[in-house]
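Report on the structure given below.
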Amino acid sequence: MSENELSGEVYYPSKQIVKKAHAKCEKIYEEASTNLEEFWAKEAKNLHWFKKWTKTLDDSNKPFYKWFVGGKTNIAYNCLDVHCETFRRNKIAMIWEGENGDLRALSYFAMKRETCRFANVLKSLGVKKGDRVTIYMGRIPELAIAMLACARIGAIHSVVYGGFSVEALHERLEDSQSKVLIVADGAYQRGKIVELKKIADEALQRAATVESVLVVKRTGHGVNMEAGRDMWYHELMNLPIANNSCSVEIMDAEDPLFLLYTSGTTGKPKAILHTHGGYMVGTYTTLKYVFDIHEEDRYWCAADPGWITGHSYIVYGPMLNGATSFLYEGAPTHPYPNRWWQMIEKYGINILYTAPTAIRGLMRYGDAWPNRHNLSSLRMLGTVGEPINPEAWRWYHKVIGKEKCPIMDTWWQTETGMFMITPMPCTPLKPGSGTKPFPGLVMDIVDEDGNSVKPNEEGYLVIKTPWPAMLRTIYNDPDRYVNQYWSRFPGMYLTGDSARRDEDGYFWVIGRVDDVIKVSGYRLGTAEIESALVSHPAVAEAAAIGLPHDVKGNAIHTYVILRSGFVGSDKLIEELRQHVGHEVGPIAKPETIEIVDSLPKTRSGKIMRRVLKAKALGHDPGNLSTLEE
Ligand code: WTA
């Protein structure tokens, strides 16, 4: 790319950044586009396989792609055991700070030991290869330990974000048919305790499959322990059964690693399934090249392990790379808005990866808070979760990165498992654009008929090549997998996003075109919010839409029709908000609840959310020919 060819506001990477980078950019793009399979096979060879694969990519049964066919491996073995045979045995795998100031640091050796001990505990409870285990905790090291312990013995973990509540947890327990739930008594958030065990108790009253509940003591406030079902993690870990060594389950590359529920177009959240082999190679490679992790780095992904960003880039990606990862339990502004900047200085963080909503939230407090701290250790910055507005990008670049840190704006999804559109350290950046697809990937923007649109025209964002960390299916629902992602345009994976591409080939993601709302970067479905509202006795019908919000990106706005006999009041509206918080989680609480007499519907009875949205924004609602009345 020659410098004067690019249009618009462009930021060029410094010579030092480019020189240091693992990725010799042009070479990588060229290699990967010349031979995609060879590129990924070469990366896979950097990891440990008990038996090498015979075929890198099997696309004989599209869209059920297989990667590293015949290969035998185990992702947890690659995250821990491999490093324990080198100098990294003594390297810190994870530095953790609690919101209340508690500190812990675990070496790779300690991480492996704790994982083995806990894996033995799980085995003693009868957990076997293929069993589902649900994990529901705040941001504490035990969350990573529990995930890795499951992976070690071939159990399939399903992590439920600690910000979800009763019904969301129940639904996920039920759908995954989990035998074991691992939970914390509570989590610290903004100086208060989120009572996770209490929420779990209520969810368990609705869920039948769970036999054992293992409780990590984090906050130490009193919790109810049900005899015969609930056990303390620390007590189990002190039993002789919690032996320091635990043999590793040899997994087929295509064996399931985890389920992660995410919101989609209609109905209940769906369980996205990822595997040991391809997911491992994808997360390892993308993190190494994009954030350019080096041995001496301290890397901080400030997401939550309960979402895909945390799975791929707090737990698996960093550990596969033998990196030192930092994990912080609490809120960015507790007790003061300098908490993050203070920790960056204190721990000498080199790479910070967060979401636009967090950046905007911190930017509101002004430059004085970050300016009080020495942030010179930072070398790379990153963002994910929603489009970043150029103003927030510039602030992040200037005030946090002191104009020397490139910003990796990474576009990807729960389904993709790894970065898909992202800069590399050598890429000239444009604020608000994720730049280009990762080497070897072919992505496009198409119109209603699946034809590529012209530069700067908006269309559907699609993926045209397979990639190793791609979802393999929706757990227990292969038809939905095919319908949702591969049916709209044959041969193309439908992302659900709209985007445009500029004259330089840079991608600009606009947002979701389906019924997913991104609130503070968290992915929620209109259906989940609506069904929570309708589960309240006063509500007959409900509709939810997302409208732009300065900090959250989008905020949830809802319309409800009351059942006869109920009268709208401020008290009832507040009760409904609390009800959604209780059922789905605090992030899902609607910004507004408007009581209405009717909702715009199609003749087949589907709520036309786009009409509500257009009306709220004062826009033209467009084609109304399908409107019932
Ligand atoms: C949005 C999060 C613009 C997008 C990793 C996508 C983004 C959805 C970006 C997936 C970005 C994610 N720029 N939009 N850099 N990153 N998105 O599954 O709408 O929670 O489809 O995965 O987030 O959300 P999910």
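Just so you know, ligand 1 is whichever comes first in the structure, and atom 1 is the first atom listed for that ligand.
For ligand 1, the polar-atom distance check finds no N/O of Thr383 at less than 3.5 Å from any of the ligand's N/O atoms. Residue Thr309 has no N or O atom closer than 3.5 Å to an N or O atom of ligand 1. Considering backbone and side-chain atoms together, Thr414 places an N or O closer than 3.5 Å to an N or O of ligand 1.
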- [ ] Please step through ring-ring contact (aromatic ring centres under 6.0 Å, His included) for the pair Trp307 and Phe164, ending with a clear verdict.
- [x] CA-CA 11 Å; Trp307 297 84; Phe164 276 133; 5.7 Å; yes

Open item on the list: I'd like to know whether Trp486 forms a ring-ring contact (aromatic ring centres under 6.0 Å, His included) with Tyr493, so could you lay out the CA-CA distance, the side-chain angles of the two residues, the decisive distance to 0.1 Å, and finally the verdict.
Closed with: CA-CA 5 Å; Trp486 302 96; Tyr493 167 91; 5.6 Å; yes

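Atom NZ of Lys66 has 12 or fewer heavy atoms from other residues, nucleotides or ligands within 6.0 Å.
If you number the atoms of ligand 1 from 1 as listed, the ones under 4.0 Å from a heavy atom of Val384 come out as 5 (C), 16 (N). Interface atoms of ligand 1 facing Asp409, defined by a heavy-atom separation under 4.0 Å, are 11 (C), 13 (N), 15 (N). Residue contact check: Arg512 has heavy atoms under 4.0 Å from atoms 6 (C), 19 (O), 21 (O) of ligand 1. Proximity to Arg523 (heavy-atom distance under 4.0 Å) selects the following atoms of ligand 1: 10 (C), 18 (O), 20 (O), 24 (O), 25 (P).
Considering each of Lys518, Glu386, Met420, the one bringing a non-hydrogen atom nearest atom 13 (N) of ligand 1 is Glu386. When the heavy-atom distances from atom 1 (C) of ligand 1 to Gly385, Ala303, Gly310 are ranked, the shortest goes to Gly385.
A salt bridge is defined here as a Lys NZ or Arg NE, NH1 or NH2 lying under 4.0 Å from an Asp or Glu carboxylate O, and Glu448 with Arg488 meets this definition. The pair Arg364-Asp550 fails the salt-bridge criterion, with no side-chain N (NZ, NE, NH1 or NH2) lying under 4.0 Å from an Asp/Glu carboxylate O. Using a 4.0 Å cut-off between charged nitrogen and carboxylate oxygen, Glu99 and Arg139 do not count as a salt-bridge pair. Ion pair Glu9/Lys430 not flagged as a salt bridge, since none of the NZ, NE, NH1 or NH2 atoms sits closer than 4.0 Å to an Asp/Glu carboxylate oxygen. Remark: Asp477 does not engage Lys270 in a salt bridge, criterion side-chain N to carboxylate O under 4.0 Å.
Annotation: atom 6 (C) of ligand 1 to nearest protein heavy atom, Asp497 OD2, 3.4 Å. Among protein heavy atoms, atom 10 (C) of ligand 1 sits closest to Trp412 O, 3.5 Å.
For the pair Pro387 and ligand 1, a heavy-atom separation below 4.0 Å is found. For Gly434, the heavy-atom gap to ligand 1 stays at 4.0 angstrom or more.
We find the NZ-CD distance between Lys454 and Glu503 to be 14.5 Å, quoted to the nearest 0.5 Å.
Contacts of Val509 with ligand 1, taken as heavy-atom pairs under 4.0 Å, involve the side chain alone.
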